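Per chain, numbering begins at 1; letters A, B, ... match sequence-line order. Note that the structure is predicted; figures quoted are calculated from it, not measured.
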Number of protein chains: 2
Amino acid sequence: MESEEVEQRMATIKDVAARAGVALGTASRVLSGSSQTSADSRARVLAAAAELGYIANGPARALRRARTDVLGLLVSDIRNPFFSELAHAAEQEARRHGYTVLLANANEDADQADAYLQTFASQRIDGLLFAPQSTVSPQLAATVASGLPLVFLNRTIEGIDAPMYGTDNAQGVGQVLDWLRRRGHRDVAFIGGPDTISTGAERRAAYLAGREQHGISTDEGLMEAGDFLADGAAKAMNRVLDRGVPFTAVFGANGPTTLGAVRALRERLGVEQAARIEVVSVDDLDWFEFASPPISAVRQDAAEIGRLGVRGVVDLIAGREASGQRVPTTFVDRSPQAQQ
Amino acid sequence: MESEEVEQRMATIKDVAARAGVALGTASRVLSGSSQTSADSRARVLAAAAELGYIANGPARALRRARTDVLGLLVSDIRNPFFSELAHAAEQEARRHGYTVLLANANEDADQADAYLQTFASQRIDGLLFAPQSTVSPQLAATVASGLPLVFLNRTIEGIDAPMYGTDNAQGVGQVLDWLRRRGHRDVAFIGGPDTISTGAERRAAYLAGREQHGISTDEGLMEAGDFLADGAAKAMNRVLDRGVPFTAVFGANGPTTLGAVRALRERLGVEQAARIEVVSVDDLDWFEFASPPISAVRQDAAEIGRLGVRGVVDLIAGREASGQRVPTTFVDRSPQAQQ
DNA sequence: CTGTTAGCGCTTTCAC
DNA sequence: GTGAAAGCGCTAACAG
């Protein structure tokens, strides 16, 4: 005979109070650490709670206090290291402020994002950190209208007034442009992201604005945009290759984009030919040092963005101001010259 | 003057009932889709709910029904693509079953895992999917004792009887051993994971059990273990290099481990020497095709494991049996011969 | 400082 | 089929 499953009901605060020999309210006061309580009842309640393995019922607490101490974090692609790094840092920071993070992954899909916004609303999260896809959906409009404290991460949406914590894209692209000039590249293929995503638009705009002063060709045949995912970027890279405009360097506008571009280059040109093309990227990935030639990159400080975002939304929840912030980038030059 | 923040209180089911001109209970019955309701009240309640933008209060619902429709997913390293892939698939599957997933990241740290178990308990999740670090902590013991439906993902803990959904490590390592023999490697450095993690122990055991029949050296100086993270693996690789035992191939026991090992090889031996060593890995990473030479790998079906895990815990919640499952691996041979 | 009590929003009896 | 009412576990307001 197997041992019985003795599934005991979780202890409630009532059990704790009874065991400690105090009233319900006193137990609550001790356990919430709020008002004054005598050292005696404090000790007895704590002891009773420990003996019973008491863990407060979150939903009941949330219902009564009308707050959950939960933050929603909706990222656009959890498999993108930028976001998994960000999510990790945000969780840590949230925990330090007494919040739990509900992490959701929209997978660069607006419908999934809407579904999660709905879930968050029903969970009654206290605040939302959001890296949106693109335009404002009815669901998002409702979320904003509800007055839920909201900050954007790395991406914004036209017409929604919320603080944004993200990368200084102008600086990052500037670093890439400087590097391209230093390396003497004139014909550069630019593989961007969707213009509907602010990050995509900003990086493209900064590139367009600066390329001429940096001696880079303005041939529009070298400009393409994917979807910020590897497959879409590979297709974009192929479209440039199809045009037959020659180039000596490729600039990928985020990590997955660069991955897709490199894949396409190697498939279409073969490994040897592809190795004659220098690649530079926004986002620094683990393997860039192993590529041939090594890939230089703008490193975004995903962790700092996550931390700042949490602090921002915590400020909003507390009724304080939050003004958003652009986080500086660093450039990792892996070109042969830089290695000497 | 800025526009006023009109933060309207969220509509409650009481508001919906009033607007529809029915009693509270009727509105509830319609919205929960449970009992019989007349077509008339059904229509009016639904209309009222839509007009008010009603979204049910999850905590209140949870309190009353004594269930949350939330699953906890505790992974050991969200930045590891294996887990981010798994988490994504699990979320999708959970949604299909009417559950929301609370995703937490223990970062290969037992204390953080305990903290999240506590949070999950207070949130009153309905079930837990867990990729544990190692041994059984008091917190985990309490979780198990509470009778919470639990399944393990890819890793188990000695002495805890819960179904496990994970990779068929024996098969995967067998594929590596076959490949090593085919490639004619005799001196192979094995960089494993902690023996306290079942995955680490299993892969190591399978390797030890099979290496002799596959003509591989049994020199213990070639065996080392890291922590399943890149830095720890790099140190492990360096320890092997320090011993001066020559080898022609390296076997990394998971993705981050292989990353760290390759980094160490290139730093210590230089790029050219390192390129003489063939590398093979459990976990197939994006960049393995770009490495020189390309890295062959056992591909784990993380998505399938995530889906099966969700189905397993959903079965447990429903009081059904769940027996766990080993998911087959596929081997991706990127050696020069295979490319022809 | 502590006991008592109302009530958060919802589901689910129990009558009718 | 529907209305009324109890109560899930907790916090906070109010007396004492």
Distance, nearest 0.5 Å, that separates CG of B:N80 from CZ of B:F228: 9.5 Å
Check whether any side-chain N or O of A:S41 sits under 4.0 Å from OP1 or OP2 of C:dC1, and answer yes or no. no
Can you tell me how far the CG atom of A:D114 sits from the OG1 atom of A:T143, to the nearest 0.5 Å? 8.0 Å
Taking C-beta and beyond as the side chain, do A:N107 and A:D77 meet within less than 4.5 Å on heavy atoms? yes
Between B:L63 and B:D40, which has a closest nucleotide on DNA chain D that is more 5'? B:D40
Report, one line per pair, each donor and acceptor closer than 3.5 Å where one atom sits in a side chain of residues 48-61 of chain B; sequence neighbours left out.
unit_1: B:E51; atom_1: OE1; unit_2: B:R19; atom_2: NE; d: 2.6
unit_1: B:E51; atom_1: OE1; unit_2: B:R19; atom_2: NH2; d: 2.8
unit_1: B:N57; atom_1: OD1; unit_2: B:A60; atom_2: N; d: 3.0

Could you check B:Q325, B:R307, B:E304, B:R326 and say which one makes a side chain to side chain contact (heavy atoms under 4.5 Å, CB included) with B:Y165? B:Q325
The first and last nucleotides of DNA chain D lying within contact of chain B, meaning any atom under 4.0 Å from one of its heavy atoms, run from D:dG1 to D:dG9
Rounded off to whole Å, could you give me the CD1-to-P distance for the A:I13 and C:dG3 pair? 13 Å
From B:H97 atom NE2 to B:D69 atom CG, the distance as rounded to the nearest 0.5 Å: 13.0 Å
Is any side-chain heavy atom of A:L31 less than 4.5 Å from a side-chain heavy atom of A:L46? yes
Under 4.0 Å between a Lys/Arg side-chain N and an Asp/Glu carboxylate O for A:R44 and A:D40? yes
C:dT2 phosphate, OP1 or OP2: any side-chain N/O from A:S38 under 4.0 angstrom? yes
Tabulate protein N/O versus nucleotide N/O from nucleotides 4-7 of chain C, keeping only pairs under 3.5 Å, one per line.
unit_1: C:dG7; atom_1: N2; unit_2: A:R64; atom_2: NH1; d: 3.1

Do the side chains of B:L128 and B:L117 get nearer than 4.5 Å, heavy atoms only? yes
Minimal non-hydrogen separation, B:A104 against A:E91, with atom names: CA-OE2, 4.4 Å
Which residues, if any, of residues 49-57 of chain B bring a heavy atom under 4.0 Å of DNA chain C? B:Y54, B:A56, B:N57
With heavy atoms under 4.0 Å as the rule, sort A:T12 into base, sugar-phosphate or nothing. sugar-phosphate
Looking at five pairs on each end of the helix from C:dC1-D:dG16 to C:dC16-D:dG1, what is the angle between the two axes, given to 10 degrees? 40°
How far does CG of A:L129 sit from CD1 of A:I305, to the nearest 0.5 angstrom? 12.0 Å
C:dT11 phosphate, OP1 or OP2, under 4.0 Å from B:S32 side-chain N/O: yes
In terms of side-chain heavy atoms, does B:T68 have a donor or acceptor partner in B:R124 at a distance below 3.5 Å? no
Taken in chain and number order and not counting sequence neighbours, the residues that satisfy side-chain hydrogen bond (donor to acceptor under 3.5 Å, both in side chains) with B:T196 are none
